[in-house]
There are 2 protein chains.
Amino acid sequence: MSRQKLTKIRTDLLARLVELGYRVTPQRELLLSALGQADKHLSAETLLERVRAVYPRVNKSVVYRNLELLAQLGLISCMDFGQGHVEYEVHHHPHHHHLVCRNCRAMLEIDGDAFADIQRQLLERYGFAAEMDHLALFGLCRKCREKMPVQISHHPHSL
Amino acid sequence: MSRQKLTKIRTDLLARLVELGYRVTPQRELLLSALGQADKHLSAETLLERVRAVYPRVNKSVVYRNLELLAQLGLISCMDFGQGHVEYEVHHHPHHHHLVCRNCRAMLEIDGDAFADIQRQLLERYGFAAEMDHLALFGLCRKCREKMPVQISHHPHSL
DNA sequence: GATATAATTGCAACTAGTTGCAAATAGAAC
DNA sequence: GTTCTATTTGCAACTAGTTGCAATTATATC
Ligand SMILES: [Mn+2]
Ligand SMILES: [Mn+2]
Ligand SMILES: [Zn+2]
Ligand SMILES: [Zn+2]
């Protein structure tokens, strides 16, 4: 991704915040920069580190509060990939989803419209408009499924 | 649910633990009782309270560690319904999933095989065996969708 | 029933994230 | 540029959950 593009993400998000009546603060600019420059999902802690690399006095509560705000506004997506913390990423098109292997932790990215059928069904049957922007499904990837047809237990006894 | 049935859940889970080489402790019996008697998903904190109602000296780390163990073994399912904490429930058949309204927090329970098609597709296309035992999808329920066709913002300015 | 020992628990210290509130400041109005 | 004020930040105290380790105990063996 070009430098040009990265700056654009930040600028667009800031513009959107201003549109909605929010203020442009140095803290927000730094956070949006960090989000815009990321090439993958990042944790709040990592984002705080990157923000502090530029301006060390930024408080963690500000980062957490702004991530919550951005998520609420649908500008970023957040997701727990089973690592004990939530990860954030700028929410851009086209959409995508993730298949996460419980065994090797590999993440397979799949097309955003993979769940279009089921989305339509849920709307028809239950009147429920499901958000299908950015999902994570857990399971076993091909490699791990072939490697271990029998489920291993985590208990010492069975090692 | 009858008293008979409730006790059976606890007994079955304990038996399964013994089979796998784990020990039966008073703490585990109490936790499994609490899980077996629950008529809905419960948080770790609530479960700890219920365990302590019988035996106040049980430590919270024991409850958290055992919940993690039971989940790992697939005996309970855990899920974040967007309330800031994970909720647990005994994992029994037939399976079910949840549709959670972001607006009114209503939870609609749907059939366990609702995702069978997509599960098959993911296996065929990507070789990925997705766990489709107990999913939660977020979105807008019928009522909320009809009540508010325009997305409300959470910003004070727009109130 | 006594003994041995690996699994389990309780404890205390720790970490990640949240919250209430006073101080600072972005942006609007003049 | 000054003034005003609602938003935003920094801070400090708090909460939920985790971790390492020593003490306890469930179970296997005798
Ligand atoms: Mn993603
Ligand atoms: Mn459920
Ligand atoms: Zn794998
Ligand atoms: Zn609703």
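In the text below, chain A, chain B and the rest are named by the order of the sequence lines, each starting its count at 1.
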Once you round it to whole Å, what is the distance between [atom2] of [N] and [atom1] of [X]?
X: Leu20(A); N: dG27(C); atom1: CG; atom2: P; value: 14 Å
X: Glu19(B); N: dT27(D); atom1: CD; atom2: P; value: 15 Å
X: Leu48(B); N: dG10(C); atom1: CG; atom2: P; value: 11 Å
X: Glu49(B); N: dT15(D); atom1: CD; atom2: P; value: 14 Å
X: His85(A); N: dA16(C); atom1: NE2; atom2: P; value: 11 Å
X: Gln27(B); N: dA7(C); atom1: CD; atom2: P; value: 17 Å
X: Leu14(A); N: dT8(D); atom1: CG; atom2: P; value: 13 Å
X: Leu47(A); N: dA16(C); atom1: CG; atom2: P; value: 14 Å

Identify, between Glu68(B) and Val58(A), the residue whose nearest nucleotide on DNA chain D lies closer to the 5' end.
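Result: Val58(A).
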
Name the residue closer to the 5' end of DNA chain D, choosing between Asn66(A) and Lys60(B) according to the nucleotide with the nearest heavy atom.
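Per heavy-atom nearest nucleotide, the more 5' residue is Asn66(A).
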
According to a strict under-4.0 Å criterion, is [X] in side-chain N/O contact with OP1 or OP2 of [N]?
X: Arg28(B); N: dT8(C); result: yes
X: Ser61(B); N: dT9(C); result: no
X: Asn59(B); N: dA12(C); result: no

Side chain of [X] (C-beta onward), nearest among [options]:
X: Tyr64(B); options: dT9(D), dA16(D), dT19(C); answer: dA16(D)
X: Tyr22(A); options: dT8(D), dT9(D), dG17(C); answer: dT8(D)
X: Val62(A); options: dA26(C), dT9(D), dG10(C); answer: dT9(D)
X: Thr25(B); options: dT8(C), dA16(D), dT7(D); answer: dT8(C)

Arg102(A) and Glu131(B) ion-paired at < 4.0 Å
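Judged by the 4.0 Å cut-off on N to carboxylate O distance, Arg102(A) and Glu131(B) do form a salt bridge.
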
Sidechain N-carboxylate O distance under 4.0 Å for Asp12(B), Arg16(B)
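Arg16(B) and Asp12(B): not salt-bridged.
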
Can you check whether His98(A) and His96(A) have ring centres sitting under 6.0 Å from each other?
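Yes, the ring centres sit under 6.0 Å apart.
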
Aromatic contact between His95(B) and His97(B), with the criterion being ring centroids under 6.0 Å apart: yes or no?
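No; His97(B) has its ring centre 6.0 Å or more from that of His95(B).
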
Indicate, with a heavy-atom threshold strictly under 4.0 Å, whether Arg65(B) touches base, sugar-phosphate, or nothing.
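Base, at least one base atom sits under 4.0 Å.
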
Sub-3.5 Å donor-acceptor pair from the side chain of Thr46(B) to the main-chain atoms of Leu42(B), do we have one?
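Looks like no, no N/O pair under 3.5 Å.
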
